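Working notes, beginning with the structure itself.
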2 protein chains.
Amino acid sequence: MSDDAEIIADRLAQDLRSGQFTAGSWLKQVDLQARYGVGRAPVRKALETLAGRRLIRYEKNRGYSVHPTDDDDTKQVLAIRVAIETGFSEALCLGASAEQITELQRLAEQFSQIVQSGPFDQLYETNLAFHRTLLRCSGNEPMVNLVDDLRLRTSPAPASQWLNRARIERSAAEHIKMVDALRVKDSAELAKLIRRHILQ
Amino acid sequence: MSDDAEIIADRLAQDLRSGQFTAGSWLKQVDLQARYGVGRAPVRKALETLAGRRLIRYEKNRGYSVHPTDDDDTKQVLAIRVAIETGFSEALCLGASAEQITELQRLAEQFSQIVQSGPFDQLYETNLAFHRTLLRCSGNEPMVNLVDDLRLRTSPAPASQWLNRARIERSAAEHIKMVDALRVKDSAELAKLIRRHILQ
DNA sequence: AAGTTTATAATTGGTACCAATTTTGTATCC
DNA sequence: GGATACAAAATTGGTACCAATTATAAACTT
């Protein structure tokens with residue numbers, strides 16, 4: 001048996017990301033074990049994992065709950081992301097190999113194509129792949145994982161963000177610009193682009 | 001009963017920080033429940049909490065283990081801290097109230113005093129209080145908590161770091177300089193000081 | 001009728017035990 | 001003697017049940 005708890009943690013994180021749970025609601029253990037068809041121990045373990053990563057809240061004797069959307073934590077977590085990702089822009093420029101740049105170019109173009117004609121449910125994944133690949137150029141894997149966690153904390157309901165066509169088209173254009181900045185190793189420009197991209 | 005698991009998680013984190021466990025070793029659940037005098041459920045929950053925060057490692061069917069010291073993750077996590085803390089230097093200068101600055105001055109002086117004559121086991125705590133207070137000037141509580149976690153990830157055996165007298169004296173001097181930079185709102189200088197302070 | 005108290009239900013936290021996996025020690029084979 | 005196969009012990013993962021706490025509903029008081 002391949003560790004139910006880890007699987008449940010992943011599925012739960014994914015469901016949280018895609019807004020399957022109403023913000024601020026309680027994640028009751030009995031509901032979750034019914035939803036995912038497992039016992040209570042795996043559910044508890046998964047909940048505790050996500051609480052440790054601060055993807056969900058925990059209150060003693062009350063349980064685990066989804067972050068409220070109106071929480072101003074969102075803005076603050078975005079500010080953290082800006083600090084980290086712009087702080088690493090120099091490392092990104094220095095560390096990016098030719099292969100990584102071409103891969104980024106490919107992902108940026110793929111994103112643009114999906115914007116025009118592709119399945120919208122792949123937008124998020126492609127966008128995620130782009131940013132993961134970009135950050136991985138720094139060679140700092142813990143940072144990549146940390147930003148992944150932060151991303152999950154900021155977008156409890158990302159669906160609404162991907163409906164504005166004008167916005168995602170601008171995102172696509174910014175991706176291209178980022179790759180250009182990375183190619184010519186203009187870390188200041190890259191930092192500026194990243195900041196705008198996150199805070200938009 | 002006030003949630004054993006949370007207490008155990010705190011104690012375990014503290015013991016990890018103070019180097020009570022040999023790096024890379026396995027944190028066996030039976031040992032821990034004997035050590036802390038609790039059942040297995042609280043131990044498991046505490047372990048999972050810390051694993052979620054990546055303070056310890058987890059391997060399926062093998063358990064939880066202390067991070068190895070030689071791990072180059074240490075350097076990378078330090079790099080993350082530099083990005084975050086320097087990235088917030090402007091926010092620190094903007095957000096610092098007069099009360100916070102005087103409190104920081106007090107903590108910096110207290111640290112200097114302990115260096116000269118005080119109990120060494122308070123050095124770490126005072127240093128921690130100084131940096132927490134400093135970061136809290138940004139008004140970004142999630143960032144303060146995040147850096148707390150990162151700090152626990154970087155110093156698996158901090159004891160050795162606090163034995164070098166010359167070094168902690170320099171730390172004390174740097175604290176004073178940081179408060180000065182904060183007072184005159186020289187964020188560039190503050191950022192430079194923070195970088196040096198972390199990477200020293 | 002509104003507020004408070006009390007009783008009931010729902011929910012989480014913990015304990016004890018069993019199953020599955022990994023580790024360790026031992027015997028066997030070459 | 002060293003490598004391999006196998007058995008025993010140790011360890012983690014999961015299930016079922018009970019205790020403690022919180023939430024909900026009903027009864028009571030004024």
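So you know, we letter chains A, B, ... as the sequences are listed, proteins then strands, and number each from 1. Predicted model, so just to flag it, every value in this text is computed and none were measured.
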Apply side-chain contact (heavy atoms from CB on, under 4.5 Å) to residues A:I7 and A:R11 and explain how you reach the verdict. CA-CA 6 Å; A:I7 299 171; A:R11 292 183 61 185; 4.1 Å; yes
Heavy-atom closest pair (B:L104 atom, B:L134 atom, distance to 0.1 Å) is CD2-N, 3.5 Å
Dump the pairs, protein N or O against N or O of nucleotides 9-11 of chain D, anything under 3.5 Å, distances to one decimal.
unit_1 : atom_1 : unit_2 : atom_2 : d
D:dT11 : OP1    : B:K28  : NZ     : 3.0

Which of A:L107, A:L128, A:V144 passes side-chain contact (heavy atoms from CB on, under 4.5 Å) with A:T133? It is A:L107
B:I7 atom CD1 is separated from C:dG14 atom C1', nearest whole Å, by 13 Å
Taken in chain and number order and not counting sequence neighbours, the residues that satisfy side chain to side chain donor-acceptor pair (under 3.5 Å) with B:Q33 are none
All heavy atoms of B:K185 vs all of B:C93, minimum pair found to be NZ-O, 2.9 Å
A:K60 atom NZ is separated from C:dT11 atom C1', nearest whole Å, by 16 Å
Subject >> A:S171 versus A:Q200, side-chain donor and acceptor atoms under 3.5 Å >> reply: yes
Residues in residues 40-47 of chain A with a heavy atom under 4.0 Å of DNA chain C, by number, are A:R40, A:R44
note: B:I8, atom CD1; C:dG13, atom P; distance rounded to Å ~ 15 Å
note: B:E6, atom CD; D:dA20, atom C1'; distance rounded to Å ~ 16 Å
Please tabulate, for the side chains in residues 189-199 of chain A, all donor-acceptor contacts under 3.5 angstrom to protein atoms that are two or more places apart in sequence or on a different chain.
unit_1 : atom_1 : unit_2 : atom_2 : d
A:H197 : ND1    : A:E174 : OE1    : 2.6
A:H197 : NE2    : A:H131 : NE2    : 3.1
A:H197 : NE2    : A:H175 : NE2    : 3.3

When rounded to whole Å, the CD to P distance for the pair A:E59 and D:dA20 reads 22 Å
Applied to residues 74-109 of chain A, the ring pair (Phe, Tyr, Trp, His ring centres under 6.0 Å) test, sequence neighbours excluded, yields none
B:Y36 OH to C:dT15 P, in whole Å, measures 17 Å
In whole angstroms, the gap separating C1' of C:dG13 from CD of B:Q33 amounts to 16 Å
Residues passing the ring pair (Phe, Tyr, Trp, His ring centres under 6.0 Å) test with B:Y58, sequence neighbours excluded, are B:Y64
To the nearest angstrom, the CG-C1' distance between A:D4 and C:dA19 comes to 13 Å
